[in-house]
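The next block holds one structure in the form of structure tokens; read it before the comments.
Letters A, B, ... mirror the listed sequences (proteins, then strands); counts begin at 1. Worth saying up front: this structure is predicted, and the values here are computed from it rather than measured.
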Amino acid sequence: MYGHVEIRTLFFASYKELLGTGELQVDLPEGATVSDLVSALRSRGGAFTALPTEPAVAVNLTYTDPTSLLSDGDEVALIPPVAGG
Amino acid sequence: MYGHVEIRTLFFASYKELLGTGELQVDLPEGATVSDLVSALRSRGGAFTALPTEPAVAVNLTYTDPTSLLSDGDEVALIPPVAGG
Amino acid sequence: MTFTAIVREPIDPAHVLTLIGADQDGASLLFLGVVRDHNDGRSVGGVRYDTYEEMAAEVLSEIVGEAARSAGTDRIAAVHRIGELEVGEVSVAIAVSSPHRAEAYDASRYIIEEIKKRLPVWKKERYSDGAEEWVEGRPPTAPNTVPAPPAGAPQADAPQADGP
Amino acid sequence: MTFTAIVREPIDPAHVLTLIGADQDGASLLFLGVVRDHNDGRSVGGVRYDTYEEMAAEVLSEIVGEAARSAGTDRIAAVHRIGELEVGEVSVAIAVSSPHRAEAYDASRYIIEEIKKRLPVWKKERYSDGAEEWVEGRPPTAPNTVPAPPAGAPQADAPQADGP
């Protein structure tokens, strides 16, 4: 696995419906950021291109900056605009 | 009764304890105001002199100005500082 | 329909909540005033509330009417208890529901603040050393100095239906 | 001790009230968010709340912790329901008690406003014509832009026009 990070990527609500799945494992080069993950997803084409270029993202349950580095085994969730309450 | 008004005067809480009574009938000359009633009460001497010179007053269930004229049969309450809630 | 009452029996908060709420309402707010075990540094064992009951009923109804018109909701219930209360017992319950939460918070707060300014109710505290004292209240607000209820919200048709 | 939960079962407001309150508290406040029968002019028959449950549990607990520190009370309970809800059902309950009322109002309002800004929960409305749609929410507040909770003094958060 040297040189790569494996990211558990989660989709919710409208994103989940858009993509037809709630979870993907994504392989990225070591040093990849949140932003790189989003680019990698969008470059898959099809429905993935409808994802925002800068969605809100949580890494391991915490809202995180697009520039944050990812580590192997991170759980990354793309968070659509929230509507609780 | 011509020339006089008879006022049912009510006392509550600390005023009632002060005076040892919750109610007095007070006879006043026609044309008497709320302020005149208070003066008449205080001039009775004893505990009555401990009443404020300008207590809050309600006439017939409504907070009323000291200058308000009284009518025969009015119910006038002297209202200590309130502490509900 | 608004509901107001001065009561001697214990107040059941869950029951007060049932007096409000409508299908168009997205927010309900229940305020409870509770007898606490201390005041001004003294240990309180219980309190007695006295009232000028006929007037308190009128004033409470007026206050709720003002809040209803200002907040644009008539789903408001306000109940004040009088008599002997122990620590932990509810002295006042105010329930408001409205389509959006801002109006419910505003109306609830308005009602409790006005109760403390104008409702002819008096409180005697019983301290743990056996002494009793009337709580120093505030001079009630005379009608010509009663501030207008918070403006801005739509005016509501708020019929009064005061309870027993 | 504060209490927070993301639940699937109906919320019982009276039970949530039992989670707060202490002898030193003179005020209790219960906020209920309720599914209403309309939104943006459309007739709503019911809603479905989805969540990222592990994160929502964390975020709700953080929000309540912030409110507790700011208001100086740990008698706070906040529960958010997810799943299918009908009109009139409670989606969120927030109960706070404190010695004085200002802190209870401030903490209650802070919690519901922050829930609407940050809690990873999404709402799909079901309209009376059978159509369904995700409610347009707000981009969640990133951690580095989360406003600090009001320090000490009563907080005056801008009332939000959206939702309950």
Which atom pairs, one a donor and one an acceptor, fall under 3.5 Å between side chains of residues 38-51 of chain A and the rest of the protein, sequence neighbours left out?
from    : atom 1 : to      : atom 2 : distance (Å)
A:Ser39 : OG     : A:Ser35 : O      : 3.1
A:Arg42 : NH1    : A:Thr49 : O      : 2.9
A:Arg42 : NH1    : A:Leu51 : O      : 2.5
A:Ser43 : OG     : A:Ser39 : O      : 3.3
A:Ser43 : OG     : A:Ala40 : O      : 2.8
A:Thr49 : OG1    : A:Gly46 : O      : 2.7

Under 4.5 Å, counting heavy-atom pairs only, tell me which of A:Val57, A:Val82, A:Asn60, A:Ile79 racks up the most with chain D. A:Val82

Name the region of D:Arg81, side chain, backbone, both or neither, that has any atom closer than 4.5 Å to a heavy atom of chain A. neither

Under a 4.5 Å heavy-atom cut-off, does chain A meet the side chain of D:Val92, its backbone, both or neither? side chain

Minimum-distance pair of heavy atoms, taken over all atoms of D:Pro140 and A:Pro80: CD-O, 4.1 Å

Closest non-hydrogen atom pair between D:Gly137 and A:Pro81, with its separation: C-CB, 3.5 Å

D:Glu132 CD: over 12 foreign heavy atoms closer than 6.0 Å: yes

CG/D:Asp129: more than 12 non-hydrogen atoms of other groups inside 6.0 Å: yes

Mind checking which of residues 7-23 of chain A sit less than 4.5 Å from chain D, heavy atom to heavy atom? A:Leu10, A:Phe12, A:Ala13, A:Ser14, A:Glu17

Among residues 51-62 of chain D, residues within the sub-4.5 Å heavy-atom range of chain A, in order of number, are D:Thr51, D:Tyr52, D:Glu54, D:Met55, D:Glu58

Please list all pairs passing the ring pair (Phe, Tyr, Trp, His ring centres under 6.0 Å) test where one or both residues lie in residues 60-83 of chain D, with sequence neighbours left out. D:Tyr49-D:His80

